[in-house]
Each structure stands twice: as structure tokens, then as C-alpha cells.
2 protein chains.
Amino acid sequence: MGVTGVATSNRQRRTTIGDVARAAGASISTVSRVVNGVDSVDAALAERVRQVIVELGYRPNAAAQGLARGRSGTIGVLVPDLANPYFHDMLKALSDVARGSGRRVLVMDSGEDPYEERELADDLIRHSDGILLCSPRMPRSDLADLVRRGHPMVVANRVLLGLELHTITADFFRGMLAVCGHLAQLGHREVVYLAGPEASWANAERLRALAAAEDFGLTFRAVPCGATMEAGYEAAPSALEGGTRAVVAYNDFVALGALARFKDLGVRVPEDVSVTGFDDIEMARYSSPALTTVGVPRGRLARLAGEALLRQMQGSAPMDPEAVPVQLQVRGSTAAPA
Amino acid sequence: MGVTGVATSNRQRRTTIGDVARAAGASISTVSRVVNGVDSVDAALAERVRQVIVELGYRPNAAAQGLARGRSGTIGVLVPDLANPYFHDMLKALSDVARGSGRRVLVMDSGEDPYEERELADDLIRHSDGILLCSPRMPRSDLADLVRRGHPMVVANRVLLGLELHTITADFFRGMLAVCGHLAQLGHREVVYLAGPEASWANAERLRALAAAEDFGLTFRAVPCGATMEAGYEAAPSALEGGTRAVVAYNDFVALGALARFKDLGVRVPEDVSVTGFDDIEMARYSSPALTTVGVPRGRLARLAGEALLRQMQGSAPMDPEAVPVQLQVRGSTAAPA
DNA sequence: TTGAAAGCGCTAACAC
DNA sequence: GTGTTAGCGCTTTCAA
């Protein structure tokens with residue numbers, strides 16, 4: 001490992017606002033004003049202070065600012081899986097909103113673990129002015145505890161009625177209904193559903209839609225799966241049992257994994273079996289065949305969530321739940337059964 | 001938008017350590033000790049304090065702790081593109097290391113923008129006990145400025161000699177050399193390189209290896225491209241010009257994009273043209289054909305980086321650069337030219 | 001326009 | 001084992 005590091009006590013005291021004040025011959029408050037852009041400071045003095053700041057390389061201590069101001073300047077976001085581009089797209093949009101209010105985004109990944117999720121949420125609250133929980137898997141009671149804390153908070157991709165909590169979600173139910181309708185119109189009478197995480201509300205909504213589609217004569221069989229490519233790859237064979245002609249995946253990752261497995265097995269898509277995803281991540285366009293999936297406007301979703309959060313941080317109460325529409329994207333992975 | 005929110009001033013003062021102390025009939029320091037698990041506290045008293053803490057729902061104020069302790073308990077990480085699983089894998093490993101030292105990870109995404117990157121790094125420093133810059137694109141001089149700040153910092157995926165800075169990287173040069181060797185042994189005499197971001201050191205290393213491979217009679221032509229699937233998709237046609245039989249992509253994303261485009265164009269891989277990636281992200285195994293690529297041990301890389309960072313936070317000086325080996329993964333996307 | 005000083009909530013000597 | 005208290009570095013009244 002080639003350690004050449006010598007233990008040097010490089011705990012050089014960082015320059016503080018006081019150092020700057022002294023060097024500039026001004027008071028601490030004046031420096032503070034300059035730093036914060038308060039313009040009631042004499043131009044010449046301000047300029048002098050600014051120079052000293054540069055010379056000394058002064059940077060305000062974030063913790064001290066946070067403590068004095070009573071706010072951290074941070075928005076916390078918790079996602080179940082950072083590897084999923086779905087959340088990445090949300091993050092991007094949210095970062096913009098955050099920046100607009102002079103804040104930064106602090107992201108944490110719970111790894112689909114409800115317990116971990118709860119822990120991280122607790123931690124996130126301590127470090128932020130408000131938090132956004134994306135697709136939380138934790139039990140409702142935990143969420144209720146969190147609400148009770150009185151910290152600005154909004155939940156995305158999950159609806160929780162009866163909690164004083166702003167939730168914002170895409171219309172997963174309608175999205176899955178659209179998938180079923182598409183398949184039914186192609187002539188499919190039965191589909192296999194590669195189910196998502198059990199604790200996922202989005203998964204429950206998809207199941208609800210699948211059940212509703214039975215009214216139109218489309219029956220389904222659910223196979224436990226998950227939310228990753230690997231899960232899709234593993235579950236694909238069991239989806240095939242019983243002469244399946246259409247596989248509906250929980251999300252695009254699962255569909256992509258299934259696609260890969262079918263390829264390995266020599267099962268042609270869509271000739272032998274149709275496959276659908278959900279979310280419309282970028283890869284869905286680049287796979288072969290390209291995935292029929294449901295487009296979810298995550299940018300808009302995240303923006304709405306961020307704005308709701310900002311409003312709460314300014315003192316308004318949580319608003320009613322919101323839902324944004326989704327849209328079916330028909331591509332090459334679906335066809336009429338042979 | 002259905003705003004029902006009433007502006008309620010819910011700025012309820014959060015309960016502080018003082019409140020707990022009063023309610024428990026103990027001193028502030030005792031409460032602090034209990035909170036921090038110092039065991040020189042009488043068991044009964046400690047228990048009482050713990051109860052009050054639960055009753056009052058007390059949570060220590062992070063900013064105050066940070067200020068008093070002189071450390072934030074946070075490790076900052078800056079990546080050029082969170083959408084790339086490469087960085088996600090690094091993050092995961094780093095989180096583990098961080099947790100081991102009782103810290104959390106704060107992630108920021110520069111969107112491949114060197115200017116933004118510099119800004120974010122500045123910000124990250126103020127908020128963390130140490131930062132890890134992944135594949136920084138900023139000019140060397142900026143990096144030098146950052147070093148001068150004396151904040152614990154390590155750089156991953158880029159080597160910078162002559163800076164008192166710990167860098168840790170994978171052996172990209174050898175990786176690309178292995179790709180070239182593989183292609184050459186298959187009988188290829190010429191390849192087209194879909195080049196990565198100009199500011200990328202990793203890209204420079206790949207080019208260096210490509211040049212070195214000319215000693216073995218393998219010539220190359222570089223086509224400007226980028227680091228995303230979209231970039232690969234767009235650049236693919238121009239890679240084909242001149243009867244190309246082998247396309248070497250900057251990374252897996254680019255290769256995946258090129259694969260998709262070739263499919264659209266009716267160009268068969270690997271029959272008509274061989275394609276290689278770099279990084280070995282999960283998707284590389286699930287694409288069709290599966291990608292020949294270079295496996296980079298990012299978990300190990302991130303772990304080493306994290307440990308180096310921790311050491312620096314404890315006062316040791318930056319160590320010498322380290323490089324971890326990579327490994328060629330031969331899969332279905334490469335073959336002998338027809 | 002400027003400065004003095006009282007916090008912000010917590011930690012960590014130090015004294016008892 | 002427990003409490004007192006002086007900071008940590010900054011913001012923000014309040015006076016001047």
C-alpha cells in the first residue's frame with residue numbers, strides 16, 4: 001500500500017470571520033454583512049473587506065451559519081435505490097428547485113431496506129430544512145411518526161390518506177391500466193406480472209390495475225420478482241411457465257433483465273412473448289427490441305414536490321395529494337400473440 | 001393545483017438538550033453524556049434521561065453538534081454524472097467506509113461541467129470533514145487551489161503528479177491496452193475510438209494506450225463522442241465511415257448507445273463490426289450481444305479512497321498515488337473481422 | 001453606516 | 001459520577 005504519510009498535525013485553525021474583521025479593521029458584523037450581501041455597507045469598506053477575504057481565503061463555517069440562522073440550507077432526499085435512473089431524474093429536477101432557493105440537495109440511498117430507510121430519514125431530518133421521501137417503503141406508522149416531528153416533509157410516489165402530509169405521485173394505476181388495455185387490444189387474454197418490491201405502493205397500484213383489467217377479460221398471474229435487472233433476469237423463466245405470451249414487468253429494469261434472459265433462452269420478443277416495462281428510463285429506448293413502457297414525468301413530479309417542500313418550509317401547511325398523468329409508450333417489445 | 005394550505009406559523013421551537021435536562025432533573029452535560037454514550041453516568045439517571053428523551057422526542061441539533069465538535073460527520077463526494085452506475089457503485093462502497101467511522105456521505109453531481117464542479121467542491125468542503133472528487137474534470141490549477149485549502153481530500157480516477165494530494169485510480173492504460181490486444185489478436189488492424197469527454201483524464205489514458213498499441217500494428221481513428229448512451233447513439237454512424245470493423249467506446253454507456261444505433265442501421269454486432277466498452281457496468285452483461293469490456297474494481301477503488309480520506313482526517317499527510325488493476329471481460333460483442 | 005453583544009444548541013474541559 | 005461554564009463561528013437585534 002506504500003504508506004508514506006507522516007502523521008503531521010495539520011489542524012491549522014481555519015480563518016474565521018473574526019480574523020477577517022481584524023485584518024480589515026472592521027467589525028465582525030460588518031464582515032458578516034459583506035459576506036451576506038447586505039448593502040448598507042460603505043462601498044470602500046466593503047471592498048477592503050472583500051479583499052481581505054480573498055487574501056485570507058476565508059470561507060464561512062457552514063455549521064456556525066446553520067446554527068445561527070436556524071436553517072441548514074439543505075434539502076434532504078431519500079431514495080430506495082440510487083442506481084435507478086428514475087430517481088436520478090427526480091434528483092436533477094429537484095436540485096434545480098433547491099438551487100432556486102439557495103439550497104443544496106443531500107441524497108441518501110436506503111437500498112430498499114425499510115428499517116434503514118427509517119433511520120436515514122431521522123438523520124436526514126436533523127440535517128435539513130425539509131425532506132423528500134421518494135417511494136418510501138417504510139410502514140405507514142413510521143411515516144406517521146415522522147409527520148409528528150413537524151419537520152417539512154413531502155412524500156413522492158406514494159399516497160397516504162389520513163396523514164397530514166403532502167404526497168405527490170404519478171398515476172400508476174392508470175399507467176398499468178393502459179398497459180393492460182394495449183395488450184388486450186393486441187389480442188392477449190392473459191399476462192404474467194413480474195411483481196415489484198412488496199413494500200412498494202407503486203407495486204400495489206399496479207396490482208390494483210391488473211385486477212381491474214380482469215373486467216375486460218384480461219387475466220393475470222403474479223410472479224414475485226423485485227425492482228432490478230438481476231431480479232428480472234432470474235424471474236424470467238418462471239414467468240414463461242404455462243405458455244405465457246405476455247410479460248408485464250414492474251419497471252423497466254425488470255423488463256430489461258427479462259429481455260436478456262429471453263434472449264439467452266432463445267425466446268423471441270415480441271414474436272414469442274410480449275414484454276412491457278414501466279417508467280420509461282433512457283435505456284428503454286436503446287434496448288432491443290425497444291421497450292413498450294409507461295412514461296412517468298419524473299421531472300415535473302420532482303419539481304412539484306420541491307415546490308411543495310419550499311412552501312412548507314415557509315410555514316404553510318401540507319397540501320392535498322397531487323397526481324400527475326402518465327403516458328403509454330408503445331415500442332417494439334409488444335405485438336399480437338401468434 | 002388545489003392549494004388548501006393555510007399559512008400556519010408552525011415554527012414550534014424544537015426541544016433542546018436544556019429542555020431534556022430540566023425535565024429529567026439532570027444537568028445538560030449529563031444529558032450530553034447519555035446521548036453520546038459516555039458510560040460514566042449512573043445507570044438509573046441515564047435511564048431516566050433516556051425516557052425523557054423519548055417522551056420529548058428530543059433530537060440533537062446537527063449544526064450545533066457540528067460546531068461544537070469541529071466536525072460535521074459528513075464525507076462529501078463529487079461525481080460528474082450520477083446517472084452512471086460506475087459512480088453509484090463507488091458510492092455504495094464509500095458509504096460503508098463512511099458508516100464505519102460514524103459519518104454519512106453527501107453526494108453532488110456536477111453534470112460534467114468543470115466550472116460547476118469547482119463551485120460544488122468549494123461548497124462541499126464547507127460542509128464536510130473531507131471530500132472525494134471522482135473523475136474531476138476541472139483544470140489542474142483549480143485542483144491545486146483546492147489542495148491549498150488544507151482540507152482532507154482525495155481524488156479518484158485521475159492522477160496528478162506534483163500535487164500534494166492522494167490520488168487513487170484504476171489502471172485505465174492497461175485496460176485499454178488489453179482491449180487493443182484482444183482486438184489485434186482477433187485479427188483487427190484498425191479501430192475507431194469513440195472518445196470520451198475532453199477534460200477526462202481517463203479518456204487521455206485510453207488515448208495513450210491506443211497510441212501505444214500502434215507499436216503492434218493496430219492503428220486507430222478517434223471520433224469525438226462523449227460519455228452517455230445518447231452520445232454513443234449519435235456518434236455511431238460516423239464511426240462506421242471507411243469500412244470500420246471494430247469500434248472501441250470510451251465506456252459502456254457509449255458502447256450501449258452505439259449498439260442500439262447499429263441495430264437500427266442493420267449493422268450486425270459482432271459479425272459486421274466488433275464493439276467494446278469500458279467499466280463493466282451491470283448492463284454490459286444484459287445487453288445483446290453482451291459487451292466485451294474492461295472490469296474496473298470500483299468497490300475496491302472507493303474503499304481505498306475512503307480509507308485514505310479517513311486517515312487524512314486523522315491528521316496524516318496524503319499518500320502516494322495508488323492504482324488498482326483492471327480486467328478484460330470478453331463477451332459476445334467482439335469477433336474476428338469477416 | 002457601524003459596532004457591541006446576546007444568543008443559536010451543543011461539547012468538553014475543569015471543578016467538585 | 002455530576003454540574004458549571006467557556007467556547008465553537010456566525011447572525012442579528014439594538015444602540016450609537
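Quick caveat, the model's predicted, so the values are computed rather than measured. By convention in this document, chain letters (A, B, ...) are assigned in the order of the sequence lines, proteins followed by strands, and residues within each chain are numbered from 1.
- With respect to A:D113 and A:R137, no salt bridge is recorded, no charged nitrogen being found less than 4.0 Å from a carboxylate O.
- Across the interface with DNA chain D, nearest-nucleotide mapping of B:A43 and A:V31 shows B:A43 to be the residue nearer the 5′ end.
- A:N157 pairs by the side-chain hydrogen bond (donor to acceptor under 3.5 Å, both in side chains) definition with A:Y86, A:S135, not counting sequence neighbours.
- A:S32 comes within contact range of at least one nucleobase, with a heavy-atom separation under 4.0 Å.
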Please tabulate the protein-to-nucleotide N/O contacts below 3.5 Å involving nucleotides 4-6 of chain C, giving atom names and distances.
{"from": "C:dA4", "atom 1": "N6", "to": "A:S29", "atom 2": "OG", "distance (Å)": "3.1"}

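- A salt bridge links A:R13 to A:D19: one of the charged nitrogens lies within less than 4.0 Å of a carboxylate oxygen.
- In this model, a donor atom of one side chain and an acceptor atom of the other lie less than 3.5 Å apart for B:T74 and B:R104.
- Crowding of A:E47 atom CD: a count of heavy atoms from other residues, nucleotides or ligands under 6.0 Å exceeding 12.
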CA sep, side-chain torsions, deciding dist, call: A:L146, A:M138, side chain to side chain contact (heavy atoms under 4.5 Å, CB included)
CA-CA 11 Å; A:L146 254 25; A:M138 70 180 90; 3.8 Å; yes

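- The stretch residues 54-73 of chain B touches DNA chain D through B:L67, B:A68, each having a heavy atom under 4.0 angstrom from the strand.
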Go through the steps for B:L165 and B:V155 under the test side chain to side chain contact (heavy atoms under 4.5 Å, CB included), then give the verdict.
CA-CA 8 Å; B:L165 171 63; B:V155 165; 3.8 Å; yes

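- Ion pairing between B:D39 and B:R33 fails under the 4.0 Å rule for side-chain N and carboxylate O.
- In the helix from C:dT1-D:dA16 to C:dC16-D:dG1, the end axes, each obtained as the rotation axis mapping the C1' atoms of four pairs onto the next four within a five-pair block, lie 40° apart to the nearest 10 degrees.
- Protein chain B touches strand DNA chain D; the 5'-most and 3'-most nucleotides with an atom under 4.0 angstrom of its non-hydrogen atoms are D:dG1 to D:dG9.
- Ionic pairing of B:E116 and A:R99 is present here: one or more N-O contacts between side-chain nitrogen and carboxylate oxygen are shorter than 4.0 angstrom.
- Atom-to-atom, CD1 of A:I17 to P of C:dC8 comes out at 19 Å; the value is rounded to the nearest Å.
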Does A:D129 form a side chain to side chain contact (heavy atoms under 4.5 Å, CB included) with A:R103? I'd like the steps, not just the answer.
CA-CA 9 Å; A:D129 299 335; A:R103 270 171 258 254; 2.8 Å; yes

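- Put simply, the side chain of A:H166 reaches to within 4.5 Å of the side chain of A:E322, judged on heavy atoms.
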Residues 22-31 of chain A, side-chain donor-acceptor partners within the protein, below 3.5 Å, at least two apart:
{"from": "A:S27", "atom 1": "OG", "to": "A:S29", "atom 2": "N", "distance (Å)": "3.4"}
{"from": "A:S27", "atom 1": "OG", "to": "A:S29", "atom 2": "OG", "distance (Å)": "3.2"}
{"from": "A:S27", "atom 1": "OG", "to": "A:T30", "atom 2": "N", "distance (Å)": "3.2"}
{"from": "A:S27", "atom 1": "OG", "to": "A:T30", "atom 2": "OG1", "distance (Å)": "3.2"}

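- A straight line from CZ of A:R48 to C1' of C:dT1 spans 13 Å, rounded to a whole angstrom.
- Base engagement by A:S40 is indicated by at least one non-hydrogen atom pair under 4.0 Å involving a base atom.
- Salt bridge absent: A:K92 and A:D89 never bring a charged side-chain N and a carboxylate O closer than 4.0 Å.
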